[in-house]
Structures are given as structure tokens and as C-alpha cells.
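Just so we're on the same page: letters track the sequence lines, and every chain starts at 1.
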There are 2 protein chains.
Amino acid sequence: MAAKRPTVTIKEVAEAAGVHFSTVSRALSPATRARVNPAIVARVEETARRLGYRANTAASSLRTRRSHMVGLVVPDLASLLFPAILNGIEHTLQEQGYLTIVADTANDPERHRRILSAMVERQVDGLILASAMLHDAVLDEWLDGPAPIVLINRTDDSGRAPAVLSDDLRGIGLAMEHLAGLGHVRIGHVAGPQTLSTGATRRRGFAAAGAALGRRALPVAEAASFSREAGRLACAALLDAHPATTAVVAANDLLALGCYDALTARGLACPGDVSVTGYNDLPLMDLVDPPLTTVRFRHRDMGAEAARLLLARMAGQETAGDVLLRPELVLRGSTAPPSAAVGRGGAGPAAGGRRSPPRARR
Amino acid sequence: MAAKRPTVTIKEVAEAAGVHFSTVSRALSPATRARVNPAIVARVEETARRLGYRANTAASSLRTRRSHMVGLVVPDLASLLFPAILNGIEHTLQEQGYLTIVADTANDPERHRRILSAMVERQVDGLILASAMLHDAVLDEWLDGPAPIVLINRTDDSGRAPAVLSDDLRGIGLAMEHLAGLGHVRIGHVAGPQTLSTGATRRRGFAAAGAALGRRALPVAEAASFSREAGRLACAALLDAHPATTAVVAANDLLALGCYDALTARGLACPGDVSVTGYNDLPLMDLVDPPLTTVRFRHRDMGAEAARLLLARMAGQETAGDVLLRPELVLRGSTAPPSAAVGRGGAGPAAGGRRSPPRARR
DNA sequence: TTGTATGCGTTATCAA
DNA sequence: TTGATAACGCATACAA
């Protein structure tokens with residue numbers, strides 16, 4: 001239908017409408033529209049529509065230094081955690097007239113550096129980074145750059161950029177209380193990489209919750225990455241070292257799925273022999289076998305909140321510190337009271353507690 | 001570290017390097033670098049780095065009419081199908097120096113229109129659309145627009161834009177042959193929306209495969225959307241009308257999951273009473289209960305292929321027609337030979353075939 | 001309220 | 001090989 005038009009500019013609209021092009025500019029911009037004769041505004045809009053005028057953002061961006069684009073950097077696009085987060089970001093931004101550039105670092109710092117550079121060159125007005133590491137040299141280079149930065153899901157240790165996070169301490173606490181309430185005493189943690197704030201904070205949360213329950217030095221196995229395979233390996237190591245374990249708190253859902261694999265491999269049932277909890281409540285976690293008990297936070301809200309925070313910063317407002325999303329525990333089939341059975345794979349030296357009956361839920 | 005620099009331009013680099021700014025421009029651009037004295041190139045690059053120079057793409061885009069940005073439009077970001085596709089697109093494009101703008105129409109045509117407009121205004125060099133409907137007025141408006149378009153996952157009926165698709169006819173055929181090979185005769189189809197090419201083509205594939213097996217007029221129930229809930233409803237309707245059904249071919253995985261729900265609701269076992277197949281092989285489909293037998297194609301390849309196609313079109317090359325990705329059947333636990341049991345919920349008028357023993361696998 | 005003039009940072013054409 | 005200059009499309013300070 002629309003013929004391959006050779007780009008129509010405000011000058012052509014101006015000529016067709018019989019006014020000066022600066023008037024067209026004013027008439028078309030919501031901010032200045034009020035300053036021009038309503039009749040002319042109507043005429044300009046009509047001719048603009050008729051000629052199929054499309055603003056050239058490159059030109060206006062050059063002039064105004066605002067591109068109305070925001071960059072989102074994620075460490076792994078294929079992770080099931082990001083679709084919903086991206087959704088929340090994108091919708092919130094779109095409502096305010098912003099478009100979102102998305103790029104994937106594939107966990108590669110060099111790539112991270114190139115991406116940030118490319119985004120800044122495209123004059124993004126702000127940046128949302130889901131890719132922060134705890135010590136992040138690349139991030140550091142851009143913290144004082146031209147584009148305001150908001151961190152999401154993970155934070156770094158500089159504390160120089162506001163972050164939108166799940167309250168991991170609380171979330172892990174919820175899982176621990178649930179397991180303790182079920183009667184578990186020998187609880188282990190399959191931790192995530194300690195180079196990431198999620199991995200480190202959840203591990204701290206595990207230790208803190210353990211201490212609060214009067215259990216110090218609960219065993220921890222650290223996974224090399226937040227993946228199912230790494231979870232399997234770490235869980236196997238945990239069970240090797242502590243065969244009497246009756247519950248494992250995994251630092252995220254993928255790790256928990258890996259725990260399922262490790263349990264299956266040694267003929268243990270979940271939750272019959274060992275209970276497992278996850279973190280994130282990824283899509284379909286209610287459908288896996290057994291349905292995963294896990295800690296949930298609203299992914300979409302996390303995205304929306306980060307977008308709002310960035311919008312505020314881009315508007316020059318000072319923002320308060322990090323925002324912590326309140327997590328909730330989703331009870332499903334992967335947790336149950338510890339079984340009374342003993343002697344499974346050489347009970348540890350201090351296996352006495354394992355005989356205690358399940359405590360009442362509190 | 002880097003101080004809040006007030007944007008350094010080629011002019012400042014030029015002054016610091018003691019050359020004219022047009023020389024800086026030439027020295028910094030790979031295309032023209034050869035035309036300038038190597039010693040000067042080195043000096044310019046050094047000073048550019050020292051001053052922290054960053055190209056302003058808005059300016060160069062204004063001049064060259066190339067933004068090195070591509071727009072990707074999806075109907076539903078939260079769908080588990082897109083992360084991998086986006087991944088393939090983004091990586092391929094990134095290698096060629098392009099950044100990807102992503103937006104979500106939420107299946108809203110008005111929103112679709114606004115998004116395309118916003119992307120074109122940002123001077124995207126090309127568009128990849130996963131959002132096409134079979135009859136798509138919005139798409140139609142932009143088919144002759146300034147940015148080349150490639151369709152992905154779905155196509156439209158105009159045939160004016162090349163598309164990268166799964167070979168749905170073949171894929172559904174694979175599922176049908178598998179079921180027939182298992183001995184199923186009373187096979188039903190839970191179809192997707194017929195306003196989408198995927199829904200329509202898979203339904204055609206179902207009918208064609210049925211005919212090839214000598215079964216005409218196999219029952220079909222159409223789901224209102226590609227969602228689990230719509231699948232549940234459609235499957236329930238199918239079973240109401242054809243209680244003797246022993247296998248259902250769902251038009252995608254979400255629909256198949258809805259079939260699980262419908263079966264569970266009426267106390268039927270999968271695959272014991274009814275076998276189910278899906279389409280897409282979304283993540284975690286191997287972990288749901290029962291693991292879903294489904295048709296897979298390489299999502300990441302689909303993205304990469306679309307990106308390559310677009311790259312070619314943006315380079316002015318004529319491209320051949322659509323590219324069809326070869327699907328493969330993934331055998332898992334949701335399909336089995338039909339049980340010999342009869343009389344389940346009022347057997348239909350022509351229930352004779354249900355007694356036939358499972359045929360040997362071929 | 002509208003017109004005039006200028007510049008945003010870059011590339012590209014033309015001379016030197 | 002390098003320098004000078006114009007132009008890309010738009011927004012805005014200023015003048016009318």
C-alpha cells in the first residue's frame with residue numbers, strides 16, 4: 001500500500017502545509033504543541049499523516065541528547081528467569097515512550113564490555129544490567145558514564161548503582177524455617193557461584209538461618225554455575241560428605257533440578273528420602289516431578305520496578321537505595337517431613353537427631 | 001574512574017592530535033582507515049583512547065542512514081519459545097555489529113502498530129517479526145516500508161516477506177506416524193488459533209496425515225489461544241464429543257499441557273488411557289509428568305537463520321523464499337500404545353477399532 | 001503565535 | 001594523503 005517513500009521530513013510537511021518547518025516541529029511535539037495555533041496544529045497533523053511523515057529520532061537525538069532508548073544487558077538470555085523480567089521492563093518502558101535494546105553477554109566480560117560500549121554509542125538514555133558480578137571491573141568502568149545504571153536481580157559490591165533484588169536473606173530464611181518446621185535437622189546447602197551476589201547472599205542467608213535455628217556449620221557445597229548439571233555435581237558432593245542429609249536448600253531452581261538428578265542417581269527419593277527446595281519459581285516448576293517447593297518473587301514486578309527506578313534516575317531524581325522484593329515460599333511436593341528410616345548410606349557420627357519425629361508445623 | 005566526561009567528539013580528538021577532524025573521522029572508520037597515513041592513524045587512535053572518545057551513532061546514523069540496529073517484535077515475551085530464538089538472533093546480529101531492539105505486542109494490534117512505528121522512527125535497518133497474523137493489516141502497512149522485514153515462527157498470507165518457519169506439515173506428520181505406528185486409530189487434534197499460520201498449518205498437517213493413513217474427518221477441537229488453559233478447554237470439548245479418543249495431537253506444548261489437565265480432570269491417565277503429543281519442545285518438557293513426546297526444531301537456529309536472512313536483505317541481496325526448518329520427533333513418556341480397555345465413558349458408535357492390539361513399532 | 005538562524009556530531013564531496 | 005565545507009533532520013534561542 002504505502003509506496004516506498006523516500007523519507008519525508010518536516011520541511012516537506014511544512015511546505016505542503018504552507019508554514020515554516022519550525023512551526024511543524026513545534027506542532028508535532030507534545031511539549032510545544034500548546035504554543036501554536038490549534039488550527040495550524042490540526043492542519044500540520046493532517047498533512048503529516050497524509051504524507052506519511054515519520055520523525056527521525058537520530059536527528060532529534062542528536063539535537064536533544066535523548067534517544068528514548070534504554071539498554072538491557074543479561075548474562076544469559078535463554079535462562080527462564082529473564083522472559084518475565086524483560087516483559088516487565090519492556091512494558092513499563094514502552095508506556096513512557098522508550099524502546100529497549102537487549103543484549104546477551106553469555107557471561108563473557110569482554111563481550112560485556114563491547115555491549116556496553118555499543119549501547120552507549122547508540123546514546124541509550126539509561127542502562128539496566130542483570131549481568132553484574134560481585135567484583136565487576138567492566139561495570140565499574142561505566143558507573144560514572146553518561147548513562148544512569150540500575151542493577152537487577154544481582155548487585156555488585158561497590159554499591160554505587162541502585163539495584164532491584166529479591167530479599168534473598170529472607171527468602172532462604174523462609175525455606176529454612178519450612179524445613180525445620182517439618183522436622184529437618186540435617187540440612188545442606190547447594191550454593192551458587194560466590195562470585196555473584198545471589199550465590200553469596202543466599203549462602204549467607206543459609207548460614208544465618210541455620211544459626212537462628214541453633215545449627216551452626218551446616219554443610220555447604222558450592223556449584224560452579226547456576227545450572228542443572230552443576231547442581232547435580234554439587235549435590236552429589238554434598239551427599240558424599242554428609243550422607244545423613246535429609247534436606248537440601250538449593251540456591252536456585254536449576255540447581256534444585258540438578259539435585260533431583262543426583263538423588264535419582266543414588267536411588268534416593270524426593271521428598272521421601274531427601275527434601276529439596278529451590279529459588280525463583282521458574283515457569284513449569286509446578287509441573288516437574290516432584291513439583292518443586294521453592295521461593296518465589298514476582299519476576300515481572302522486578303522488571304517493572306527496575307524500569308521505574310531507571311526512569312526516575314533518567315529524570316534526574318535522586319533515588320533511595322536498593323529495592324528488595326519480598327519473597328514468598330511456594331509449598332509443593334518436593335518437601336516433606338524426614339522419614340524415620342535410618343542407616344541410609346552410613347549414617348554420620350552424630351546421627352542421633354535423625355530419629356526425632358517430625359515436629360509440628362508452627 | 002572515568003570522570004563524568006562531557007562527551008568528547010572527533011573535533012576534540014582532532015585538536016588534541018593536531019589534525020583536522022575529517023582526518024580523525026577517516027582514521028577511525030575501518031572503511032576509510034586505509035586512506036590515511038598509518039602514523040597518523042596510530043596517533044589518532046591513541047588520543048581517542050586517551051580522551052575516552054565514543055562515537056555518536058545518532059550523528060553518523062543521520063548522515064549515513066544506517067543505525068546498525070534491528071527491531072525484533074514478539075507477541076508474548078514471556079512465552080518460553082522466545083528466549084532461545086532471541087538468543088540466536090541477538091548473537092548473530094551482535095557479531096555483525098548490530099544491536100537488537102525488542103518489543104512485545106502482547107497480541108494487541110494497536111500496540112503492534114505503535115511499536116513498528118517507534119522502531120522505524122529509530123531508524124532500525126531491519127525488522128524481524130514473530131508477531132505476524134495470517135491476515136495482518138498492521139504488517140501490511142509496513143511491508144513496503146523503509147526497513148526490510150523477515151518473519152519468524154509464523155508467516156502471513158501475503159507472502160510478501162520471507163519467513164523462517166518450522167516445517168509444520170512435516171512435523172505434525174511425524175507425530176501422526178508415530179501414533180499410528182503405536183496402533184492408535186482414534187486420534188484427535190487440539191488445534192491452535194486458525195488466525196495464526198502455525199495453528200492453521202498444523203491443522204492442515206493433521207488432516208493431511210490422517211488422510212494419508214486412510215483416516216478422513218478425524219476430530220478437531222480448536223483452542224482459543226496457544227495457552228495451557230485454552231488447551232484444557234479444547235481437549236475437554238474433544239473428549240466430550242469423541243470419548244473413544246485414544247490419542248491427541250496438540251498444536252503446541254502449552255496446549256498439550258492443557259490436555260494433561262483435561263485428562264486428569266476426568267480421571268484419565270496419560271499415556272495409559274490417552275496419548276498426547278506436543279509441538280516445540282519447550283524447555284523442561286523432559287521434566288514434566290509425564291515427559292512430553294513432542295516435535296522439536298532448533299529454536300536458536302531459527303533465530304540465527306532469520307538474522308542471516310535479514311542481514312542479506314539489508315545488504316540489498318535478493319533472498320529466496322521461506323526457509324523451513326526440519327523438525328524431529330522427540331519420543332518421551334506421553335505416548336504409548338492404546339490400552340485394550342474398552343467402555344471408557346460411553347464408547348462411541350464405532351468403537352470397534354479400539355480392541356485391536358498395539359501394532360508393532362515400525 | 002510564527003519565522004529566522006544555528007548547531008548537534010558525523011560522513012562525504014571536493015580541492016589542495 | 002589531508003583540509004575545508006556542506007549536509008543529514010530536527011529543536012530551540014531569539015527576533016519579529
Open item on the list: As a test of reading the structure: which of D:dC10, D:dC8, C:dT11 is closest to the side chain of A:A59, going by heavy atoms?
Closed with: D:dC10
- [ ] Please check if any side-chain donor atom of B:D156 sits under 3.5 Å from a side-chain acceptor atom of B:H135, or the reverse.
- [x] no
TODO: Look at the side-chain N and O atoms of A:R66 and state whether any lies under 4.0 Å from the OP1 or OP2 oxygen of D:dA11.
DONE: no
Task: Interatomic spacing from CD in B:E121 to OG in A:S61 - rounded to 0.5 Å - done: 13.0 Å
TODO: To the nearest Å, give me how far apart CZ (A:R122) and P (C:dT10) are.
DONE: 14 Å
- [ ] For B:N107 and B:D76, test the side chains for any donor-to-acceptor distance below 3.5 angstrom and give the result as yes or no.
- [x] no
Task: Atom-pair distance (CG on A:L62; P on D:dA7), nearest Å - done: 17 Å
Open item on the list: What is the distance, to the nearest angstrom, from the CG atom on A:N56 to the C1' atom on C:dG9?
Closed with: 14 Å
Open item on the list: Whole angstroms only, please: what is the NE2-C1' distance between B:H68 and C:dT11?
Closed with: 12 Å
Measure all distances between protein nitrogen or oxygen atoms and nitrogen or oxygen atoms of nucleotides 12-16 of chain C, and list the pairs falling under 3.5 Å.
from	atom 1	to	atom 2	distance (Å)
C:dA12	O4'	B:R63	NH2	3.3

Task: Length of the CD-C1' vector between B:E12 and C:dC8, whole Å - done: 13 Å
- [ ] Quick one: label B:K11 by what it contacts on the DNA or RNA (base, sugar-phosphate, nothing), any heavy atom closer than 4.0 Å.
- [x] base
- [ ] Return yes if some donor-acceptor pair links the side-chain N/O of A:R154 with the main-chain N/O of A:A132 below 3.5 Å, else return no.
- [x] yes
- [ ] Please work out if A:A58 contacts a base, only the sugar-phosphate, or nothing of the nucleic acid, heavy-atom cut-off 4.0 Å.
- [x] nothing
Open item on the list: Between the side chains of A:D125 and A:R65, is the shortest nitrogen-to-carboxylate-oxygen separation below 4.0 Å, so that they form an ion pair?
Closed with: no
TODO: Give the rounded distance in Å between these two atoms: CZ of B:R35 and P of D:dT2.
DONE: 12 Å
Task: Nearest-angstrom distance from the residue atom CZ of A:R65 to P of D:dC10 - done: 18 Å
Open item on the list: Counting only side-chain nitrogens and oxygens, does B:T23 get under 4.0 Å of the OP1 or OP2 atom of D:dG3?
Closed with: yes
Task: Nucleotide D:dG9, atom P - distance to CG of A:L28 in whole Å - done: 16 Å
- [ ] Please name the pair of heavy atoms, one in A:I89 and one in A:A307, separated by the smallest distance, quoted to 0.1 Å.
- [x] O-CB, 4.0 Å
Open item on the list: I need the full list of salt bridge (charged side-chain N to carboxylate O under 4.0 Å, His left out) pairs touching residues 302-322 of chain B, with sequence neighbours left out, sorted by first then second residue.
Closed with: B:E305-B:R308
